[in-house]
J.: 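My questions all concern the structure below.
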Amino acid sequence: MAPAETIEPTAAPLQAPPPPTDPERPLHTLPPPFTESHLEVLTQGAEALVYKTVFLTPDTPCVVKYRPPKPYRHPILDRRLTKARLLAEARVLVRCMRDGVAVPGVLGADWEAGWLVLEWVEGRTVRKVLDGWAERVVQKGKEGMDRVSEQDEAMLGLMQRVGRAVGKLHEIGVCHGDLTTSNLMLRTLEKQPTQEAPKSRGRLTTSEMRMMAEDGVFPDFPSVSRGKEQDEAESLEGEIILIDFGLASHSTQNLQDEDRAVDLYVLERAFAATHPAAEPLFKEVLKAYGESFKGAMAVLKRLEDVRLRGRKRSMLG
Amino acid sequence: MASIYTLTIPHYPTHPIHIALFRSVRNAAHLRAQLLSANPSFDYAFLDATTILSYHQLLLAAQLALHAHLTGRSKTRTPHSELVFRLHPNNNIGESYRKFGINNASSTLIAIKFSLDPEITGESVARHLGEVVEGESVDIGPNGEELAMFADVAKIRKIFKLNDGGKGKEGAAVNGEARDERKQMESVILGTIALKGS
Ligand SMILES: Nc1ncnc2c1ncn2[C@@H]1O[C@H](COP(=O)(O)OP(=O)(O)OP(=O)(O)O)[C@@H](O)[C@H]1O
Ligand SMILES: [Mg+2]
């Protein structure tokens, strides 16, 4: 088997990996049936290694989440913990799928070996979307442009979808447990081939762009180039998919408003960490959340307590 | 000769799988009797095609059976019986045969053969099935879509205890895109069988 470095040229080199349990297989490579071919490293977190590959058919892209053995833990305990975490994540995902919450489907699993295969979500994380947006806000600030644009409207629409997606999750009794902006993805709408941009197009006027944004459609009329901003406005369309259920819990009766409120608080902190300008965006998330299910207003009330406690803690900190 | 579709599942390149699809089958009882008597030349998974909602459902069961076989964790006698077992949502082997296997009244058939032995080729399988199945062979295209053409959605829903269209009360595009109901159903089925036995 080739050393793993040859398959992950873009990944940061691992710092002295602990000795593998199986000397034939370095710790950071996947167990069978996966080999280094058709495997692309996405992230190497503390708990899980995430790869992109294909599953079932050559054109079914997927994510493999692998929880490697932890050499510092007792092997029996380690296997039991790995299995419990992997199954907890997979079961919550299937539950969500059953109840119509948009999550990646479970395509396969081997809980003894520690891997889980999930449907590939084509798109980018909300974190990336927000970073891109914050960059443009700063840029426009410098250029002294009007900050309220079509982009912002599309952005507000996106925030409402985030709020409703989280609301739906909470409504079915699932608490995410790690609701950061990296764990929300915006699935790119599949491009219809007929909408392929012809080579030469005339420049769009602002009002034309606004009309299109309002209609949510992008008619195929001529322009030299739709411009960077227009492309990005278009890419704010799409479904919000919740990912990374490694810390999630499901319960039909016991899901407390407290747990839900903590989910929202974690998400709020993630927004705040992006850029100060992102804070008004989060208001839109909460507004949509509040309207999304019956108990939502009580959760928002509870969020105020959680915030207070969070602030006190950081003051004592 | 029956028309055979041969594929390999990604990551299992050395284990080809041969699949044939039939309609208007007239001798299902005879075929089933061969399985029951463990006739060695009938080492196949014979499925009633009405229970297959999608190509991926079939492939996942095949992957699970192959993986169990290769890692020594099969729950049944052969990879073929394992495939039938893996299609079913619970751990009852007899029930999985009753639900997914051919029955005496079946008129559609999906026959699956793992090539675990170099003697078994698409050619040999085509010849044998052509001789023993009294029915009309259906060509399977590159996407395997034909394997789902006889799906009895209501029946499959019942087997997997799915209520119509999930609990999604909202029909329309609340979250940016209308959910494809059948796609969602497939996804729940895949997750359910992937986690069976956990
Ligand atoms: N189904 C998917 N489709 C596409 N990309 C995905 C999918 N799942 C995960 N990713 C990508 O891989 C990254 C890491 O995945 P995930 O968050 O599930 O793993 P993790 O190791 O638990 O992460 P964390 O470091 O947040 O704990 C995600 O942020 C996302 O960019
Ligand atoms: Mg994550």
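Reminder, nothing fancy here: chain letters follow the sequence lines and each chain counts from 1.
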J.: Among B/Leu7, B/Leu70, B/Thr8, B/Ile9, who wins on heavy-atom pairs under 4.5 Å with chain A?
T.: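 If we count pairs closer than 4.5 Å to chain A, B/Ile9 comes out on top.
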
J.: Please classify the contact of A/Gln160 with chain B as side chain, backbone, both or neither, using a heavy-atom distance under 4.5 Å.
T.: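 Neither the backbone nor the side chain of A/Gln160 comes within 4.5 Å of chain B.
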
J.: Where on A/Thr53 is there a heavy atom nearer than 4.5 Å to chain B: the side chain, the backbone, both, or neither?
T.: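 Answer is side chain: those atoms of A/Thr53 sit under 4.5 Å from chain B.
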
J.: How long is the straight-line distance from OG1 of B/Thr192 back to CZ of A/Arg91, given to the nearest 0.5 Å?
T.: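 If we round to the nearest 0.5 Å, A/Arg91:CZ and B/Thr192:OG1 are 11.5 Å apart.
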
J.: Sort B/Lys183 into side chain, backbone, both or neither according to what part of it lies under 4.5 angstrom from a heavy atom of chain A.
T.: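 Neither the backbone nor the side chain of B/Lys183 comes within 4.5 Å of chain A.
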
J.: More than 12 heavy atoms of other residues, nucleotides or ligands under 6.0 Å from NZ of A/Lys52: yes or no?
T.: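 Buried by this count: over 12 neighbours within 6.0 Å.
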
J.: For B/Lys155, look at atom NZ and say whether over 12 heavy atoms of other residues, nucleotides or ligands are found less than 6.0 Å away.
T.: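 Check passes, neighbour count above 12.
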
J.: Suppose we call two aromatic rings close when their centres sit under 6.0 Å apart. Are A/Trp115 and B/His11 close by that rule?
T.: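 Not close enough - the centres of the two rings lie 6.0 Å or further apart.
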
J.: Please name the pair of heavy atoms, one in B/Ser187 and one in A/Gly105, separated by the smallest distance, quoted to 0.1 Å.
T.: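 Looking at all heavy atoms of both residues, the shortest contact is OG-CA, 3.5 Å.
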
J.: Verify the neighbour count for atom NE2 of A/His38: are there more than 12 heavy atoms of other residues, nucleotides or ligands below 6.0 Å?
T.: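 No, not enclosed.
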
J.: Check whether more than 12 heavy atoms from other residues, nucleotides or ligands sit under 6.0 Å from atom CG of A/Leu77, and answer yes or no.
T.: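 For A/Leu77, atom CG is crowded (more than 12 foreign heavy atoms under 6.0 Å).
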
J.: Any chance NZ of A/Lys287 has more than 12 other-residue heavy atoms, nucleotides or ligands included, within less than 6.0 Å?
T.: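 12 or below, so no.
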
J.: Hey, could you give me the OG/CG distance between B/Ser198 and A/Leu86, rounded to the nearest 0.5 Å?
T.: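 One gets 9.5 Å once the value is rounded to the nearest 0.5 Å.
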
J.: When rounded to the nearest 0.5 angstrom, what is the spacing between OH in B/Tyr55 and CG in A/Leu56?
T.: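 The distance works out to 9.0 Å.
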
J.: Using non-hydrogen atoms and a 4.5 Å limit, figure out which bit of A/Asp110 sits close to chain B: side chain, backbone, both or neither.
T.: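 Side chain only.
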
J.: Heavy atoms only: give me the nearest B/Pro10-A/Thr57 pair and the separation to one decimal.
T.: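 The pair with the smallest heavy-atom distance is CG-C, 3.4 Å.
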
J.: Check A/Pro33 against B/His67 and note the closest heavy-atom contact, atom names and distance.
T.: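 Closest heavy-atom pair between A/Pro33 and B/His67: CD-CE1, 3.7 Å.
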
J.: Walk me through whether A/Val94 and B/Leu195 qualify under side chain to side chain contact (heavy atoms under 4.5 Å, CB included).
T.: CA-CA 9 Å; A/Val94 175; B/Leu195 293 184; 3.8 Å; yes

J.: Rounded at 0.5 Å granularity, tell me how far CZ in A/Arg98 sits from CG in B/Asn163.
T.: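 If we round to the nearest 0.5 Å, A/Arg98:CZ and B/Asn163:CG are 8.0 Å apart.
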
J.: Would one find more than 12 heavy atoms of other residues, nucleotides or ligands at under 6.0 Å from atom CZ of B/Arg73?
T.: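 Enclosed.
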
J.: So for A/Leu107, is it side chain, backbone, both, or neither that comes closer than 4.5 Å to the heavy atoms of chain B?
T.: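 Interface part for A/Leu107: both.
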
J.: Report the distance from atom CG of A/Asp59 to atom CG of B/Asn143, rounding to the nearest 0.5 Å.
T.: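 CG of B/Asn143 is found 7.0 Å from CG of A/Asp59.
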
J.: Measuring from A/Thr60:OG1 to B/Leu60:CG, what's the distance to the nearest 0.5 Å?
T.: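 These two atoms lie 11.0 Å from each other.
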
